[in-house]
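Below, read A as the first sequence line, B as the second, and so on, with proteins coming before strands; counting in each chain starts at 1.
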Amino acid sequence: MFNQTFSADTQFRKASAEYNFGFLDEYAKKEVRRSVLKAIAIPGYQVPYSSREMPMGRGFGTGGLQLTLSLIGKKDTLKVIDQGSDDSVNAVNLRSFIEMTCPGIDTTTKVSEATLIQSRHRIPERELREDQILVLQVPYPDALVVVEPSEDKRKIMHGEADYSRLLVKLYEDIVKFNEITISHRYPTRINGHYVIDPSPIPRWDVPKLNNSKSLILLGAGREKKIYAVPPYTLAEPLEFDDIPFRVESFNDSTGKRRTCWRCGCDHSFLDEFIDAQTGDKRYQCSDSDYCDEQIKSQVNNQELEG
Amino acid sequence: MNIQPILEVEDFSKTFILHEQGKSLPSSQSVFLKAFPGRLTALIGPTGAGKSTVLKGIYRTYLPTSGRIMFTTGQGQILDLALADEHKILELRQEEIGFVTQFLHTLPRQSTEDVVAMPLIKEGVPHDIALEKARDILGKLNLPERLWAVSPATFSGGEKQRVNLARGLLAQPRLLLLDEPTASLDAKTTDRVIELIQNLKETGTAMIAIFHDMDLVKKLADDVVKLEPPVGTEHFFNSNTNEVA
Amino acid sequence: MTNDKVLQVRNLSKVYGKGCSKCFELTGPEHNTNICPHCGSVVAAHDISFDLYKGEILGIMGESGSGKSTAVKNLFFDEIPSSGQAIFFDEGKQYDLFNLNAQQKRHLRNHRFGMVYQNPHLGLNFNVSAGGNIAERLLMSQLSNYQEIRERAIELLHRTEVLTERMDEMPKNFSGGMQQRVQIAKALATNPTLLFLDEVTTGLDLSVQAAILDLIMEIQRESETAMIAVTHDLGVIRLLAGRTIVMKYGRIIESGLTDQILEDPQDAYTQRLVASAL
């Protein structure tokens, strides 16, 4: 207030010094950690927690953020992604908030370097390791909400693993559209009992939940729920015996797999966009880090060959 | 006579208690009768002697006010039909005791031949064989063939009676109760019924029958039991106390 | 008829309210009320005992408030009884119905029991198609092959005479009689041992009523399903039930073979009921 000559950097440092490490007070973090332990102990079960006010609107990833802030330590390397990109506004803002309130941590855009990854709507293409934790931001934690409005009744249904009405939803989908049309938030059964909403990840990412080497934590700030897919745990998307779950197809009308226009990758989840100049449809890796990595390895290969 | 009776009614009485009108109405009083395998016992007596009441009492449509109705089952068990468990009665009605009345309750969609074949089907007789037998007996009872596939719901009294007879006779129960089985039949069909009843006797069925016509009693009855109207008729009581005699 | 017992109910009572020591003494037909004058609790059912055997239809008859629906709701786990015992016999096993945990109850409800309500909104999910309603019950019983579910749903709808071309339509497009048929198909989907029918034909046109009753009787003849039919309609009782229980103010006032109840009713109330109907 008195000294108007503070640089942006010193203002930043000053602000961070006024907060507890991780913004949340230690008691709040402990509560989140206790909930995380419970969530791991009961795979797929939605553990209620108090969900503190964060200095941003609920719905902007406050559930994931509270998980990250409660888990992160000074030795951690953090990656924050939004729909596969490290550079989108939401990712950038969350990352700078965590950097500000957690002095001493490292951040990265590389999956391989990160110990903690907070993500919205995607799971990285590169397989995660045992020493990594993935935190997913969740808008709607309860897969049953589409068939049962009463939370009381939903809790009983979860307790009894009664998911027949969700399956009816799939049945009706097939009747109407000849296929299961759920594109995101695909209901997935964890460890043979609880069905979770895996957050708005595409179907492409659902198989990555199964038998994952890393711990996957899901946090819903507005709905005040934390749940987990522990490492090496069964995660099965709901399906019929004769109409199995399928990931998105990226084949063109001739049946040929589309590739990323940037890196040429033919095995990643692709985003479609219209080229502003030519007006053509283009496809590009949704996971920008993975895309960069592919380009880099191609360059390396060319160098080696050259 | 050394054959054992299949049924022994001892001192059967039935008085209806009509709460609404506050009166009791004696209908049968101190009836004794027996039914033997292969023989027909005819109940005779004036109107009001309670002949139908006795049959309904044996069938348990009426609950006797007093008396015993001892029935020997196919397995040799002797039980009092007045007191037997309801499930036992239903089982006996299905397997051992038949009742041919002038009334028939059926559903509009069930065909006549199915109605007649039903007891056999329930016993486990294959559907086509049961149907064949049903058609055979319907033919014998002069029910026009065009009616066989139709529901008896809309039939005339005489036609319904033939359906009832066909069903009751085809089932070959151990005990058959007949309440004026020929009341609305023509002479020709009545002769057929006589023939069929005689045939059934030969298979060992015991029968208790009420005939409107003494001629039939002479032709068919091996034993005759005469019933008298109950002495002392209506008795009024205070309905508010709901006390039953 | 095989004499296999399906259900044995003993001294079932259901009291709404806090109840007091005088509740049972001061209510019932002889007091012309089921509301305890002492504490105001409602004795909806008291001392209900009966047996049900395989393949038989038991009628429970009474006016509204007689407790007939309460009895069924307790057995179907829609309500929790105040006291009493009910043993369900199924496939060589016995279940003490009122001492099961929630999952066991749900299992029986979904697999071994069926319920057809007077109001199709209670028995059908109006947000999913007729076929989807049947699929729901099949999915509950762990059938997980789409094609098999479709085929079984078609078979059931065909059985209950619903045009199978209409199986993917929403129940709200159907007539009342058709909705009942879909409900019956849904209830039968798992071949239940015990089927509850709660005023299934009430409110339907007479011709539709007859067709539904006919269907129920056909089902009874074909399967060994034991049924409990709750109704205030003597005609329904006459056609369906082999045995009948008459209830008034929460108590059984009379029970017997249906023809005996209708032709030789013992209780003043039953006599009045029968006389007014015939």
Side-chain angles (χ1 to χ4, degrees), chain B residues 14-23 25 27-28 52-53 55-57 59-65 81-82 84-96 99 101 103 105-111 114-115 117-119 121-124 127 151 153 237 239-245, chain C residues 1-6 29-30 50-58 161 206-218 220-222 226 235-245 253-276:
Chain B
K14 175 64 185 172
T15 299
F16 291 97
I17 310 294
L18 306 174
H19 295 279
E20 197 78 336
Q21 289 120 311
K23 67 180 179 188
L25 196 67
S27 178
S28 287
S52 291
T53 302
L55 291 190
K56 285 186 174 180
Y59 203 60
R60 249 296 260 287
T61 297
Y62 289 164
L63 286 175
T65 308
L81 298 181
D85 176 76
E86 287 156 14
H87 289 106
K88 189 71 198 168
I89 298 286
L90 286 174
E91 189 188 312
L92 289 175
R93 284 183 182 183
Q94 192 122 283
E95 291 164 6
E96 302 199 20
F99 197 174
T101 64
F103 307 101
H105 290 290
T106 52
L107 281 166
R109 296 202 308 186
Q110 219 185 342
S111 73
D114 273 336
V115 169
M118 195 48 63
I121 291 168
K122 280 187 177 170
E123 268 173 40
H127 195 259
S151 159
F237 63 91
S239 65
N240 294 331
T241 61
N242 272 4
E243 294 223 339
V244 177
Chain C
M1 186 171 74
T2 49
N3 253 358
D4 297 326
K5 204 183 267 190
V6 168
E30 60 273 29
F50 61 85
D51 291 334
L52 183 72
Y53 285 77
K54 200 176 254 187
E56 100 167 307
I57 304 183
L58 174 72
E161 292 161 24
L206 278 178
S207 61
V208 180
Q209 277 191 26
I212 297 277
L213 295 174
D214 218 16
L215 174 66
I216 291 168
M217 291 191 69
E218 271 175 39
Q220 188 230 0
R221 275 202 301 273
E222 287 168 9
V236 171
I237 291 285
R238 181 194 296 284
L239 280 175
L240 289 185
R243 293 185 309 124
T244 295
I245 285 172
I253 54 168
E254 185 165 359
S255 73
L257 299 168
T258 299
D259 54 332
Q260 180 253 301
I261 294 284
L262 295 174
E263 292 195 39
D264 186 19
Q266 306 293 301
D267 190 272
Y269 171 74
T270 321
Q271 288 186 355
R272 205 153 56 234
L273 215 59
V274 171
S276 63

Please walk me through it: do B:H19 and C:D267 pass side chain to side chain contact (heavy atoms under 4.5 Å, CB included)?
CA-CA 8 Å; B:H19 295 279; C:D267 190 272; 5.9 Å; no

side-chain contact (heavy atoms from CB on, under 4.5 Å) with B:S52: which residues, sequence neighbours excluded?
B:D179, B:I210

For C:E263, check side chain to side chain donor-acceptor pair (under 3.5 Å) against everything at least two apart and list the hits.
B:K56

Report yes or no: does C:Q271 contribute a side-chain atom to a donor-acceptor pair with the main-chain N or O of B:I17 at less than 3.5 Å?
yes

Decide yes or no on side chain to side chain contact (heavy atoms under 4.5 Å, CB included) for C:E218 and B:Q110, but give the supporting numbers first.
CA-CA 9 Å; C:E218 271 175 39; B:Q110 219 185 342; over 6 Å; no

Heavy-atom distances under 4.5 Å only: say whether C:T258 touches chain B with side chain, backbone, both or neither.
neither

C:R243 and B:H87 side chains, donor-acceptor separation under 3.5 Å:
yes

Counting only non-hydrogen atoms closer than 4.5 Å, does B:L63 touch chain C with its backbone (N, CA, C, O), its side chain (CB onward), both, or neither?
both

Against chain C, label B:Y62 side chain, backbone, both or neither, depending on which of its atoms sit under 4.5 Å from a heavy atom there.
both

Within the 4.5 Å heavy-atom criterion, are B:Y59 and C:D259 side-chain neighbours or not?
yes

Exercise: identify the closest heavy-atom pair between C:D264 and B:T61
CB-O, 3.6 Å

To the nearest 0.5 angstrom, please state how far the CD atom of C:Q260 sits from the CD atom of B:E86.
7.5 Å

